[in-house]
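Heads up, the thing below is written out as structure tokens.
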Amino acid sequence: FPPPAPSYTQQPSAVKPTELSFAGRASGPELTQPSLTSEATRLRSDLLRGYDRLAAPITTVGVQIRFFKVEGVRAAEGSMRLKIWLRLTWSDERLRWNAAEYSNLSYAVFGEHEVWVPDIQPYNTMVGISNTLDAVAMTVSPDGSVFWSRPGMLDVMCKFSGLVAL
């Protein structure tokens, strides 16, 4: 017989907010949530001071599309709907920082309207990806490398030549 299901009526052990540790996000001495938050806020403020998001950095953009699922194929219309993750990577030297000056924070998080983002649009999409991919934050490492992974749908036009109607 399988073991009995856990009881969800039990209350979890009490944890005081001052006891929370975020050592996994930063190395060195353990940081409490308020000090980690203030360090991340200070870092973001320092990096964005004078930052012009319309000025593109000199960089190479890596593009990866991870196909998760084919949602639908409309052969007669010449279209297909795909569930994907669009992953972009690039480097922006304006977003570099010395981690030791910010309690060894190993990454910072930015929204797409705060920093420069590549203007990537697949050629055969029926609807722009700004309308079909989720708006999620990107992570930036101390060396200025940026990783942006956006889930969503991709509606593409495609030829189905060679298919035979059954």
Quick one: [atom1] on [X] to [atom2] on [Y], what's the gap to the nearest 0.5 Å?
X      : Y      : atom1 : atom2 : result
Arg66  : Lys83  : CZ    : NZ    : 16.0 Å
Ile84  : Gln64  : CD1   : CD    : 11.0 Å
Tyr107 : Ser145 : OH    : OG    : 14.0 Å
Met138 : Ser149 : CE    : OG    : 11.5 Å

Please lay out, stage by stage, how Asp155 and Arg81 fare under the test salt bridge (charged side-chain N to carboxylate O under 4.0 Å, His left out). CA-CA 5 Å; Asp155 294 307; Arg81 185 170 178 87; 2.8 Å; yes
Side chains of [X] and [Y] in contact at under 4.5 Å (non-hydrogen atoms):
X      : Y      : value
Val146 : Thr89  : no
Leu82  : Ile65  : no
Trp85  : Leu133 : no
Trp90  : Trp116 : yes

List the atom of [X], the atom of [Y], and the distance in Å for their closest heavy-atom pair.
X      : Y      : answer
His113 : Arg53  : O-CD, 3.2 Å
Trp97  : Val140 : CH2-O, 3.1 Å
Arg94  : Asp52  : NH1-O, 3.0 Å

Please confirm whether the backbone N or O of [Y] pairs with a side-chain atom of [X], one donor and one acceptor, at under 3.5 Å?
X      : Y      : value
Glu114 : Gly111 : yes
Arg96  : Asp143 : yes
Trp148 : Val136 : yes
Arg150 : Asp134 : yes
Thr139 : Val109 : no
Thr59  : Ser91  : yes
Ser45  : Thr41  : no

Same cluster or not: are Val70 and Leu86 linked, directly or through other Ile, Leu, Val, Met, Phe, Trp or Tyr residues, by side-chain heavy atoms under 4.5 angstrom apart?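 Same hydrophobic cluster.
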Are Ile120 and Phe147 connected, step by step, through hydrophobic side chains (Ile, Leu, Val, Met, Phe, Trp, Tyr) whose heavy atoms are closer than 4.5 Å? no
Taking everything shown except Arg42 itself, do over 12 heavy atoms lie less than 6.0 Å from its CZ? yes
So, Tyr51 versus Asp92: side-chain donor-acceptor pair below 3.5 Å or not?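 Side-chain D/A pair, Tyr51 to Asp92: present.
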